[in-house]
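Counting starts at 1 for both ligands and their atoms, following the listed order.
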Amino acid sequence: MSDAIRVRFAPSPTGYLHVGGLRTALYNYLYARKVGGRFILRIEDTDQERYVEGAVENLINTLDIVGLKPDEGPATGGDFAPYYQSQRTELYRNYAAELVEKGAAYYCFCSSEELDAMREEQQQEGYVTGYDGRCRNIAPAEAKKRAADGEPYVIRLKTPDEGEVFFYDIVREKVTFNWDMVDDQVLIKSDGFPTYHLANVVDDHLMEISHVIRGEEWLSSVPKHLFLYEQFGWKPPKMAHLPLLLNPDKSKLSKRQGDVAVEDYLAKGFLPSAMINFVVLLGWHAAGDREIFSLAELEKEFSLKRVNKAGAVFDIEKLRWMNGQYLKNEPLAEIIKFARPFFLERFGDIEEDRLSRLIDYARPRAATLIEMTEECLPFMQKLEYSAEDRALLEEETSKAMFSFWLEELSLQKPLTAESVNALLKATSEKFDLKGKMLYSPLRLALFGTEHGPDLLQIIELSGLQTSLKRLQIWTD
Ligand code: GLU
């Protein structure tokens with residue numbers, strides 16, 4: 001094995017990228033960038049029952065959107081291709097056969113009914129459930145013959161029955177397991193496909209992975225993996241198990257309590273940069289109090305040493321805050337790039353100059369791109385009024401004032417803060433109105449409420465023609 005640092009993100013494609021998956025991908029990517037290593041994407045798609053059409057393309061696309069480009073992977077290629085486990089099955093079968101030869105694995109002919117009965121019995125007697133090893137003792141020659149004769153079988157790992165195994169995890173330090181808690185794991189299923197454990201270990205070795213960085217839910221698999229490395233005579237990679245992601249009530253992050261798909265957050269108008277920034281803080285923190293980091297800054301700042309052991313709470317309010325910070329502070333051109341499709345979808349075509357004004361108006365007032373479009377609704381759609389508002393708008397003075405504005409407004413070219421102020425002053429004098437009496441009808445007619453941005457901004461953002469129409473409907 002070379003000394004090069006090589007890390008991998010090894011998702012089983014489910015159709016969407018889980019936020020936990022994004023965190024794993026991100027930490028792997030950042031670690032590779034920080035130390036000058038390589039970031040590999042490997043698709044763990046050997047579970048034929050879970051095949052989802054388009055899932056891999058979607059995954060690659062989502063990683064691309066958030067800026068995590070693999071150095072090697074299905075779309076990029078690389079020296080260790082193929083990067084789809086479903087295209088490597090022959091390989092795993094050969095390695096499993098090698099373990100059987102060595103006596104480290106064995107054929108198991110137990111049917112699913114037999115396994116169910118075994119489990120039931122164990123439960124009734126209060127034992128920990130697990131495979132009891134009954135096929136371990138079939139003579140190898142006999143087992144081989146039964147398999148060759150077409151009897152359905154799986155191949156199981158012959159794990160030690162007693163004693164302990166320990167290893168040093170970069171995040172969790174020394175971790176110890178008792179062998180009696182470790183089952184004789186199935187390595188090759190009856191359909192001939194490998195299980196995760198065998199394929200994962202074989203590929204991490206063949207792809208020269210130096211560091212395995214993944215979620216804590218995989219920690220309990222480590223003994224089996226270490227045993228596999230030992231039986232093959234391979235050096236295991238270093239490992240870092242990332243803390244669990246939790247709901248605010250400290251239960252494991254689940255779909256039930258909110259969205260977990262990165263794609264759903266993007267569709268709601270969370271920016272990729274804000275997602276990355278939010279997700280990196282789920283289990284890692286920088287040296288000081290600083291929280292806002294671009295991906296490029298994280299590539300310099302990140303270190304595995306600062307990954308916490310304690311579970312990280314996924315706090316949607318924090319994500320909303322973070323996204324709001326990005327909406328407010330990123331260059332306008334950047335926000336326009338992301339906001340444009342949301343605005344076009346909601347409002348149809350908008351002239352470019354007006355679009356950029358609308359976006360600039362809405363961005364400090366919203367937490368997501370969708371909310372930005374909502375902020376702009378009063379400029380874009382027919383205004384609704386309460387009976388009380390209508391009464392005010394229909395008063396004779398209001399009507400007269402609107403007629404005056406209809407004439408004057410189109411004469412103001414260009415419309416400026418000064419010209420609007422001058423018009424307000426003239427209106428005030430002409431109708432002998434001040435303060436609320438002057439502003440309320442105008443603001444109501446032009447914007448639908450008495451509060452909100454100043455009149456110039458309202459007219460500019462709604463467009464002069466729309467504003468004129470909004471005054472006109474009350475004068476007819
Ligand atoms: N295929 C596993 C997953 O879906 C990979 C776990 C690992 O990184 O070893 O997360």
Who's the nearest protein heavy-atom neighbour of [atom], and how far?
atom                   : answer
atom 3 (C) of ligand 1 : W218 CZ2, 3.4 Å
atom 4 (O) of ligand 1 : S12 OG, 3.1 Å
atom 5 (C) of ligand 1 : A10 O, 3.1 Å
atom 8 (O) of ligand 1 : R8 NH1, 2.7 Å
atom 1 (N) of ligand 1 : E44 OE1, 2.6 Å

Side-chain ion pair, [X] and [Y], N-O less than 4.0 Å:
X    : Y    : answer
E351 : R354 : no
K318 : E291 : yes
R172 : E216 : yes

> Should the proximity of F9 to ligand 1, defined as any heavy atom under 4.0 Å, be assigned to the side chain, the backbone, both, or neither?
Replying inline: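 Neither; nothing of F9 gets under 4.0 Å from ligand 1.
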>> Can you pull out every salt bridge (Lys or Arg N to Asp or Glu O under 4.0 Å) where at least one residue sits in residues 10-30? Sequence neighbours excluded, please.
In response: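 Sorted result for residues 10-30: empty, none.
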> Taking both backbone and side-chain atoms of P11, is any N or O found less than 3.5 Å from an N or O belonging to ligand 1?
Replying inline: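 Looking only at distances, the answer is no, because the N/O contact criterion of under 3.5 Å is not met.
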>> Students often mix this up, so state it plainly: with edges at 30° and 60°, are the rings of F166 and Y168 parallel, tilted or perpendicular?
In response: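 Rings of F166 and Y168: perpendicular, as their planes differ by over 60°.
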